[in-house]
Amino acid sequence: MMNSNQLKQLLEAALFAHPQPLSAEQLRQLLLNGSETSLTAVKKALDELQQDYQERGVQLVQVASGYRFQTRAELGQRLAGLWQEKPPRYSQALLETLALIVYRQPITRGEIEQVRGVSVSSNIMKTLQERGWIKVVGVKEVPGRPQLYATTNEFLDDFNLKTLDELPVIDSPDEKRTAETATNERDFLND
Amino acid sequence: MMNSNQLKQLLEAALFAHPQPLSAEQLRQLLLNGSETSLTAVKKALDELQQDYQERGVQLVQVASGYRFQTRAELGQRLAGLWQEKPPRYSQALLETLALIVYRQPITRGEIEQVRGVSVSSNIMKTLQERGWIKVVGVKEVPGRPQLYATTNEFLDDFNLKTLDELPVIDSPDEKRTAETATNERDFLND
Amino acid sequence: MPEQQSLPLGFVRGEPVIEKPEDLYIPPDALEVILETFSGPMDLLLYLIRRQKLDIVELPVLTITRQYVEYVEMMKELKLELAADYLVMAAMLAEIKSRLLLPKPPQEDEEEDDPRAELVRRLQEYEAIRRGAEFIEQQPQIGRDSWLSEIKTDAKDYVTVPPPEVTLEDLTLAFSRVLNTIKLQAHHQIKREQLSTRARMSQVLELLQHNHYVSFSRLFKRSEGRAGAVVSFLAILELVKESMIELSQMEPMSDIHIRLKRQHDEFESA
């Protein structure tokens with residue numbers, strides 16, 4: 001049996017060494033399989049680690065696919081000096097396309113074009129897919145059976161989100177669709 | 001001007017995110033160019049960071065080309081679980097060879113080849129022997145005196161069998177099924 | 001005649017910084033840059049409305065349409081492929097304008113259909129998406145604001161590859177495949193034997209590896225009962241048949257000895 005300090009050391013080392021996020025359950029399975037350490041103990045240790053790193057240059061954050069260490073966001077600009085390449089800047093067209101997929105998913109390319117009033121370049125869709133931020137989740141049963149796009153967990157991870165709900169709402173409250181959506185959501189919950 | 005805590009944060013983040021070790025001088029140049037922070041201040045901050053991480057799951061170590069973070073040596077074995085892969089799968093050729101040794105033992109390599117219609121690679125025989133599932137039990141007194149292979153007790157153990165009789169009976173379609181076989185099959189199914 | 005609208009010369013975060021006086025010459029390159037900052041006709045339209053400091057809902061179709069068409073005219077000269085989507089919007093604006101001008105048929109319905117309503121709705125939706133794009137942009141991003149770990153670990157040296165797992169089912173399937181092959185090769189005749197017989201054959205051979213002679217009776221164990229005796233007997237017969245062992249008896253009724261068959265031994269040459 002491992003004491004709580006050993007457990008913290010192990011989890012800390014694992015999350016430092018593994019750049020992809022790991023969930024508490026994954027950590028338990030991969031590192032503590034066969035030991036009697038409970039999921040609760042793992043979560044408690046992770047909480048403590050998060051506290052320990054609160055004021056440090058790296059921080060333990062929780063995103064959609066689990067926990068990971070990352071450099072403190074406020075240091076971004078200064079740290080950029082470490083790399084030759086400049087961080088990517090995305091065009092307004094790409095961001096609007098991404099926003100439509102984020103806020104109106106699942107959505108077809110035609111629907112994106114309808115809102116933006118301009119055809120979506122294949123390059124943009126390719127970039128978004130290559131980054132792993134969007135994926136095809138099905139087809140819409142209308143003539144032509146266009147593909148439906150949605151965001152991935154990788155999108156949430158890369159934008160420091162646990163769920164899409166963490167993004168601010170974009171519909172102004174006086175709009176009809178808000179009331180409609182609210183009703184739909186209620187119906188959904190009552191199902 | 002940066003205070004000593006900010007400096008520590010910055011250095012910590014840089015060493016965490018940079019794949020190669022960085023020297024104090026490199027850190028100063030890449031991150032603090034133009035600032036008044038002295039090399040002495042950088043070295044002092046690195047010393048403090050080393051202290052901070054003394055008892056943690058990762059440690060800040062100094063190697064020939066500079067400073068780097070690495071996971072605590074004692075944890076290596078446990079951390080390996082993070083990269084543990086699923087076992088690979090054996091080839092059809094190996095499984096068929098094993099099956100023939102199981103069901104037709106004692107059997108020579110030539111006989112296996114005759115039935116399968118292709119030559120049996122030495123690798124397959126080696127793998128099966130290393131796995132401890134087959135062994136040589138004698139030679140067949142025919143020209144060339146080929147070795148005779150049979151299964152081991154370890155094979156039975158690994159497949160949770162007490163005796164070979166517990167293996168399912170498989171009849172080739174044109175073989176006559178004897179009453180005896182039918183009875184055995186019933187017994188097997190009733191187990 | 002409304003006054004000629006001036007063009008923005010440059011943008012900072014989407015907002016125009018310099019208004020072009022009417023008579024200033026803009027090098028075509030610079031204009032292209034300006035036009036490229038619009039992400040589409042909706043963006044241009046929204047920009048024009050905002051520049052008038054008007055609410056979308058009050059959409060002044062006439063002014064906006066004129067300004068819009070002006071921009072599109074310039075685009076057509078400079079970047080033809082850019083203009084196609086913009087022309088669709090120009091056509092839509094023209095349609096709305098003409099519907100506003102046409103005398104309205106008497107309405108039975110209380111609610112009057114404003115031809116601008118659809119465009120207003122689309123502009124609002126577009127504006128919402130613009131907000132969304134901004135929120136996403138502001139979100140801390142990996143690779144822009146934060147970076148992930150690149151630290152060293154020796155843990156990978158400890159990774160071992162476990163041996164493949166084989167199930168009983170894999171084995172029986174493999175054997176069925178072999179049997180099917182045999183069936184295809186019609187000249188092969190494989191007889192099914194009790195597996196216990198095959199296993200006993202292996203055991204007998206193994207025993208003979210360590211002992212030159214083995215007494216026949218040693219191969220029968222009382223504890224195995226009659227069934228065990230039968231298995232041993234069948235195994236011995238099969239081994240003899242396959243010329244793997246030979247039996248010898250010094251005199252009638254004496255113990256039978258078993259030994260591995262040698263190819264050129266004195267028994268055969270005798």
Side-chain angles (χ1 to χ4, degrees), chain B residues 13 15-19 58 68-71 73 75-80 82-85 87-90 92 95-96 98-100 102-106 114-117 131 137-143 145 148 150-151 159-160 163-165 167-175 180-181 184, chain C residues 146-186 188 190-196 198-199 201-209 239 242-246 260-263:
Chain B
L15 291 168
F16 166 87
H18 199 268
V58 284
R68 74 167 180 222
F69 275 114
Q70 62 186 42
T71 56
L75 297 172
Q77 201 135 28
R78 275 190 170 273
L79 290 174
L82 292 178
W83 291 278
Q84 204 64 59
E85 281 167 45
R89 285 191 62 80
Y90 282 135
Q92 277 208 359
L95 289 173
E96 289 181 15
L98 177 61
L100 272 167
V102 171
Y103 281 94
R104 293 289 183 257
Q105 61 185 283
Q114 212 184 354
V115 175
R116 293 196 51 237
R131 192 78 201 254
V137 289
V139 293
K140 188 154 185 168
E141 290 303 335
V142 293
R145 306 185 75 239
L148 282 162
T151 52
F159 283 80
N160 275 307
T163 71
L164 279 180
D165 275 347
L167 274 171
V169 173
I170 297 164
D171 278 320
S172 113
D174 54 350
E175 280 174 41
E180 205 186 322
T181 320
N184 281 351
Chain C
S146 294
W147 286 270
L148 303 179
S149 169
E150 288 283 352
I151 79 150
K152 198 176 148 48
T153 178
D154 60 347
K156 283 178 198 171
D157 301 342
Y158 294 95
V159 176
T160 51
V161 183
E165 279 166 28
V166 182
T167 63
L168 220 48
E169 203 192 349
D170 294 332
L171 211 56
T172 51
L173 277 174
F175 193 57
S176 305
R177 274 202 307 275
V178 173
L179 289 180
N180 282 335
T181 323
I182 295 164
K183 201 191 159 199
L184 291 176
Q185 309 163 341
H188 275 290
I190 296 275
K191 263 206 246 123
R192 213 202 136 264
E193 277 138 340
Q194 279 290 79
L195 270 173
S196 50
R198 307 292 321 183
M201 285 163 69
S202 295
Q203 286 161 11
V204 171
L205 282 176
E206 213 188 344
L207 196 63
L208 287 170
Q209 293 301 301
L239 284 167
E242 291 183 20
S243 302
M244 289 195 263
I245 58 166
E246 54 192 14
L260 288 176
K261 189 174 168 70
R262 301 268 175 247
Q263 241 176 329

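Small disclaimer: the values here were computed from a predicted structure and weren't measured. Residue numbers start from 1 in every chain, and the chains themselves are labelled A, B, ... in the order their sequence lines are given, proteins ahead of strands.
A heavy-atom distance below 4.5 Å is not found between the side chains of C/Phe175 and B/Val102. Using a 4.5 Å cut-off on side-chain heavy atoms (C-beta onward), B/Leu164 and C/Arg198 make no contact.
Summarising the geometry, atom CG belonging to C/Leu179 is positioned 9.0 Å from atom OH belonging to B/Tyr103; distances are rounded to the nearest 0.5 Å. Going from atom CZ of B/Phe69 over to atom NZ of C/Lys152 covers 15.5 Å, rounded to the nearest 0.5 Å. The structure places OG1 of C/Thr172 at 8.5 Å from CG of B/Leu167, a figure rounded to the nearest 0.5 Å. One finds the CD atom of C/Glu150 at 13.5 Å from the CZ atom of B/Arg68 (value rounded to the nearest 0.5 Å). Between C/Asp170 atom CG and B/Phe159 atom CZ the span is 7.5 Å, to the nearest 0.5 Å. A distance of 12.0 Å separates CG of B/Asn160 from OG1 of C/Thr167, quoted to the nearest 0.5 Å.
In plain terms, the two heavy atoms of B/Leu79 and C/Ala155 that are nearest each other are CB-CB, 3.5 Å. Closest non-hydrogen pair, B/Pro106 versus C/Met244, comes out as CG-CE, 4.2 Å. Listed here is the closest heavy atom pair of C/Tyr158 and B/Ala80: CB-CB, 3.6 Å.
Interface residue B/Leu148: only side-chain heavy atoms are found under 4.5 Å from chain C. If you measure heavy-atom distances from B/Glu96 to chain C, the contacts under 4.5 Å come from both the backbone and the side chain. With a 4.5 angstrom heavy-atom cutoff, C/Leu148 touches chain B only via backbone atoms. Heavy-atom distances place both the backbone and the side chain of B/Arg89 under 4.5 Å from chain C. With a 4.5 Å cut-off on non-hydrogen atoms, B/Arg78 does not touch chain C at all. If you measure heavy-atom distances from B/Val139 to chain C, the contacts under 4.5 Å come from the backbone alone.
Residues that satisfy the salt bridge (charged side-chain N to carboxylate O under 4.0 Å, His left out) test with B/Lys140, not counting sequence neighbours, are B/Glu111, C/Glu242. Taking C/Ser176 as the reference, B/Ile170 meet the side-chain contact (heavy atoms from CB on, under 4.5 Å) condition, with sequence neighbours excluded.
Between chain B and the residues C/Leu173, C/Leu239, C/Val166, C/Asp157, the largest count of heavy-atom pairs under 4.5 Å involves C/Val166. The choice from C/Ala174, C/Pro164, C/Ser202 that makes the most heavy-atom pairs within less than 4.5 Å of chain B is C/Pro164.
Counting heavy atoms of neighbouring residues, nucleotides and ligands inside a 6.0 Å radius, atom CD of C/Gln209 exceeds 12 of them.
Side chain of B/Gln84 to main chain of C/Thr160: a donor-acceptor pair is present (N/O by atom type, distance under 3.5 Å, no hydrogens or angles).
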